[in-house]
Participant: 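Dropping the structure in here first, questions after.
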Amino acid sequence: MTGVLTAFRSLLFQVAFYGMTTLYLIVLMPLIPILPRRLIWKCGALLWVATNRVLLRVLTGIRAEFRGLEHIPEGPLLIAAKHQSAWETFALLPLFRDPAFILKQELMRIPVFGWIAAKLRMIPIDRKGGSAALKTMTRRAQADMAEGRQILIFPEGTRRPPGAPPDYKFGVAYLYSTLKVPCLPVALNSGLCWPRRAFLLRPGTILVEVLEPIPPGLSRAAFMARLEHDIETASDRLLLEGLKDLGTAAPADVRRPPEPQPDPRFPPPVENS
């Protein structure tokens, strides 16, 4: 019976989510050429994010807990977040003052959505474009950072199941070494409640932990080792906590990570409550 109820609540959310998103797009479409970018962001995008979070809480029982927000510095910043779900593609945005999302180029071709993303000056990347695409992405990021914006990237490039081996791409290291700003790692366990490519949404609390910034100036290899260690160690810890909280409702196919062990190359992650 519990499975039937979860399926019903998931269906209600999907209908409400896509219906509400369509409504927002229709309302915003005639305003795109008229309103300034920041007003579209505040009155459109952030309101859409808040609506989604309410729908998740009311219809599916999914809540969120954010830790370590005191680690978010002011000014230009590169944000590197774990990617397990569609959830973080919108839920992380309100944490930052003026973020620019790096997203796949195909999304910019979607009518209305792509127009709004262009108005908000999100940064598309051709994932098959090689070094030329990296340079174009970086030039856009540099221009946005000159205005004090924050650049948000998923360093693995696509959603990964909870507990899956990490697969970090070179692009984040290229951005870090070129932009010369702090990199803020973000760990999470959203895939437990909202799995990738899945219809069912499990009630529970998504845990997000903002970690200590990585200062600029490291070599690309040292940066990648530090970034992967920090995000994966914290995400494994949040995964174990989430599995414990879900109890018997936890998905059986999730690879349970080992209990985290200290790495002598790096200080242990800061615990936040």
Side-chain angles (χ1 to χ4, degrees), residues 24-25 27-50 66 68-83 88-110 112-127 129 131-155 157 169-186 208 210-218 220 223 227:
Y24 271 96
L25 293 176
V27 171
L28 288 175
M29 183 168 58
L31 302 177
I32 294 173
I34 301 171
L35 298 181
R37 177 181 67 84
R38 290 291 292 162
L39 195 57
I40 292 283
W41 170 252
K42 290 181 179 179
C43 300
L46 291 183
L47 187 59
W48 174 72
V49 171
F66 296 89
L69 298 184
E70 69 276 6
H71 291 146
I72 302 176
E74 294 291 330
L77 183 65
L78 175 63
I79 304 147
K82 188 69 176 172
H83 194 17
E88 55 268 14
T89 62
F90 61 84
L92 296 182
L93 295 179
L95 302 183
F96 307 101
R97 186 181 62 81
D98 190 14
F101 221 124
I102 293 178
L103 43 75
K104 59 185 180 180
Q105 192 175 58
E106 295 87 337
L107 294 176
M108 304 297 286
R109 302 190 186 110
I110 300 175
V112 187
F113 175 86
W115 306 339
I116 294 174
K119 176 74 174 187
L120 296 175
R121 291 199 354 235
M122 300 306 175
I123 303 174
I125 182 170
D126 179 0
R127 295 190 292 185
S131 60
L134 279 179
K135 291 177 181 178
T136 301
M137 174 187 72
T138 303
R139 283 196 298 269
R140 287 282 309 273
Q142 287 173 319
D144 284 327
M145 281 197 166
E147 299 180 13
R149 299 187 74 187
Q150 304 83 41
I151 309 300
L152 197 159
I153 186 172
F154 296 129
K169 309 299 185 186
F170 174 73
V172 66
Y174 185 88
L175 273 175
Y176 168 81
S177 64
T178 306
L179 297 176
K180 296 178 172 44
V181 296
C183 178
L184 189 71
V186 179
V208 178
V210 179
L211 307 172
E212 289 188 346
I214 300 173
L218 299 181
R220 289 178 181 175
F223 165 73
L227 180 71

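Numbers here are sequence positions counted from 1.
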Participant: To the nearest 0.5 Å, tell me how far Phe66 CZ sits from Ile72 CD1.
Facilitator: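 One gets 9.5 Å once the value is rounded to the nearest 0.5 Å.
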Participant: Between atom CG of Leu227 and atom CZ of Arg220, what is the distance when rounded to the nearest 0.5 Å?
Facilitator: 14.5 Å
Participant: Taking Lys119 for the side chain and Leu35 for the main chain, is one N or O donor matched with an acceptor at less than 3.5 Å?
Facilitator: yes
Participant: State the CZ-CG distance between Arg38 and Asp98, to the nearest 0.5 angstrom.
Facilitator: 4.0 Å
Participant: Roughly how far, to the nearest 0.5 Å, is the CE atom of Met122 from the CZ atom of Phe113?
Facilitator: 8.5 Å
Participant: Answer yes or no: is there a donor N or O on one side and an acceptor on the other, between the side chain of Ser177 and the main chain of Tyr174, under 3.5 Å?
Facilitator: yes
Participant: Does Val181 reach the side chain of Leu77, with side-chain heavy atoms less than 4.5 Å apart?
Facilitator: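 Val181 does not reach Leu77 side chain to side chain.
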Participant: Starting at CE of Met137, measure out to OG1 of Thr178 and round the result to the nearest 0.5 Å.
Facilitator: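 One finds 8.5 Å between CE of Met137 and OG1 of Thr178.
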Participant: How about Val112 and Trp115: do any of their side-chain heavy atoms sit closer than 4.5 Å?
Facilitator: yes
Participant: Please name the pair of heavy atoms, one in Leu184 and one in Leu211, separated by the smallest distance, quoted to 0.1 Å.
Facilitator: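 Leu184 and Leu211 have their closest heavy atoms at CD1-O, 3.3 Å.
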Participant: Quick check: does any side chain N or O of Lys169 sit under 3.5 Å from a backbone N or O of Gly157, one acting as donor and the other as acceptor?
Facilitator: no
Participant: Looking only at non-hydrogen atoms, find the nearest pair between Leu120 and Ile40 and report the distance.
Facilitator: CD2-CG2, 3.7 Å
Participant: In Å and rounded to the nearest 0.5 Å, what is the CG to CG distance from Leu179 to Leu78?
Facilitator: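 Atom-to-atom, Leu179:CG and Leu78:CG are 6.0 Å apart.
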Participant: How close do Asp144 and Ala100 get, heavy atom to heavy atom, and via which atoms?
Facilitator: OD2-CB, 4.0 Å
Participant: Stepwise, does the ring-ring contact (aromatic ring centres under 6.0 Å, His included) test hold for Phe101 with Phe90?
Facilitator: CA-CA 10 Å; Phe101 221 124; Phe90 61 84; over 10 Å; no
Participant: List for me each residue that meets side chain to side chain donor-acceptor pair (under 3.5 Å) alongside Gln150, sequence neighbours excluded, and say none if there are none.
Facilitator: none
Participant: Just by distance, do the side chain of Tyr176 and the backbone of Gly171 share a donor-acceptor pair under 3.5 Å?
Facilitator: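 No.
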Participant: Could you check whether any side-chain heavy atom of His83 comes within less than 4.5 Å of a side-chain heavy atom of Thr89, counting everything from C-beta outward?
Facilitator: yes
